[in-house]
Amino acid sequence: MLKINSVSKRFQGVIALDHVSLDVNEGKIYGLIGPNGSGKTTLVNCITGFIKANEGSITFGQHELTNLKPHEIVKKGIVRTFQNTRVFNDLTVEENLVAVRSDLTGSLRLIELLDAFDLNSVKGVKASSLSYGQKKMLEIARALALEPAIILLDEPLAGLDVQMISKLSSQIKYINKSFNKTLLIVEHNLDELMSLADYVFVMNNGVKTAEGEPSIIRNSKIVQDVYFGR
Amino acid sequence: MNLQSIKNISFIIIIGVIVLSVVVFISPFTYLDYVLMYFFAFAIFAISWDFLYSYSGQLSLGHAIPFGIGAFTVAILASKYQLNPVIGLFIAPFTASLIGGLIGMTTIRLKPAYQGIALLLFSQVLYWFTLLQFSDEGISFGYRNGLPVLGFNESYFIGILVFIVGSISILLIEHSKIRLKLLAIKQDSFAAYASGINVTFYKIFTLFVSSFFAGLGGGFLALYTFHTDYTIFLVSNDFLPIAMSIVGGTQLLGGVLLGSLLISFLDTILPAYVSLAVTYLIYGILVILVLRIFPEGIKGIIKKIRVT
């Protein structure tokens, strides 16, 4: 489905990604872990067109994504969220969704989305007035409104309390099962990620160091060395 | 805003302008004619600036570029090619849109403050270019074969038409399906890109549309005065639409129109009593006071009165 083939990215001589390859298949939840500065967000930026890779290729189905612009990649079916939540603060919750899909106005789909993310009661409220957790929900709902095939979530659980983490984790599973979406989650909360993901990639210093099912990754010595510093 | 609200505002604009025009027309104070025509030209100019700023977050500190190009289009076509200035007025928005849009395109990747400064510099390039090209006398085209090219009543009527068509057109664009996309771009262009919105396209679109209407305002000013010169690119003309929008209240057509009316009145009356420097000092103080006390301008004052 999504194939990242030997992608490299350098920033003025600093190697952020070094020949990273990974395959993402339909319908699963993938985790992408690694210490700070390991290249996770750079990889997400390369996939979504915010950064151009120096080498390698990124393909999605039959589409070559490497030189496409961010909005063109969205049209192909790959949508992302951000580490620091980026909603349109001066627009209402409803307008945040309609802004990206004007045909949602007054539709059943809009109500479904608002209900699915517990946002119906605040649909007329400006996004700036929402709690941090609600903003996270809104950002994911906005991504889902675009009906993508793959959603890339950049640290969706960061900064949330235990209750909200549990709620958002349930939402992620719900999106995967009910909407049949593939998810690639960059996350530091390993316990939660391991319970969510079907498959995990591990990165360190711009290199993919391991991949496998959560149970294997959790017990891998390489992973414990690079990630847990043991 | 729904269709009914747009219809209501359009109706208020039309009735308001007709009443204003009739009152001024029958008034014994003939200078009010000039104030009204000046208002028509600058109101379209100000709402075109506000559209660019409030709906895509682009800051133009050189909006005199399309305004002046509109004026020069009418003047050049009338004086050099003997074209009826009314026909020139139809062409002016297109040349203003093309040139203003192309100049603006070179700045869309800049942050708003730098974009504003770049456009300000471009406007000053045009100031010097037109001064050198047309000297300080500029272009006058009021008479042909000893007869005026346009009667007073005709230009009065054209002014009303330009104002109504211009303001309602912008109102319709501002409340069309693209409104939320533009506001999203203004608030966070990075997130808008990530949400599939073609940010570059919409920024260019707003530049061309805004320049189009600024050119219409400038074209009408030239048509009404039968003249234009390099002073149309003066820095003061870059800042007047900004002052009008801030005083009236940005992102609301009615507010910008009220701000334009107030400043047009001051701009045409004050210089008769005080120097131009004092006039601009008064504008500066007015803008600072509004920003400090009522950041939403006249729009904010009306809101407050309604609440109380």
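Numbers restart at 1 for each chain; the letters A, B, ... are given by sequence-line order, proteins then strands. Just so it is clear, the structure is predicted and the values come from calculations on it, not from any experiment.
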| remark: Answer key: most heavy-atom pairs under 4.5 Å with chain B among A:Glu72, A:Arg86, A:Arg101, A:Glu95 is A:Arg86

| said: How about CZ on A:Phe179, more than 12 heavy atoms from neighbouring residues, nucleotides or ligands closer than 6.0 Å, or not? | reply: yes

| task | With a 4.5 angstrom heavy-atom cut-off, could you sort out which part of A:Ser102 is near chain B: side chain, backbone, both or neither? | result | both

| task | Please round to the nearest 0.5 Å and tell me the distance separating atom CG of B:Leu180 and atom OG1 of A:Thr92. | result | 7.5 Å

| Side chain, backbone, both or neither of A:Leu91 within contact of chain B (heavy atoms, under 4.5 Å) | both

| said: Within a 6.0 Å radius of atom OH on B:Tyr55, are there more than 12 heavy atoms belonging to other residues, nucleotides or ligands? | reply: yes

| request: Find the one option among A:Val98, A:Leu146, A:Asp90 whose heavy-atom pairs under 4.5 Å with chain B are most numerous. | output: A:Asp90

| request: Could you tell me which residues in residues 184-210 of chain B have at least one non-hydrogen atom under 4.5 Å from a non-hydrogen atom of chain A, sorted by residue number? | output: B:Ala184, B:Gln187, B:Asp188, B:Phe190, B:Ala191, B:Ala192, B:Tyr193, B:Ala194, B:Ser195, B:Gly196, B:Ile197, B:Asn198

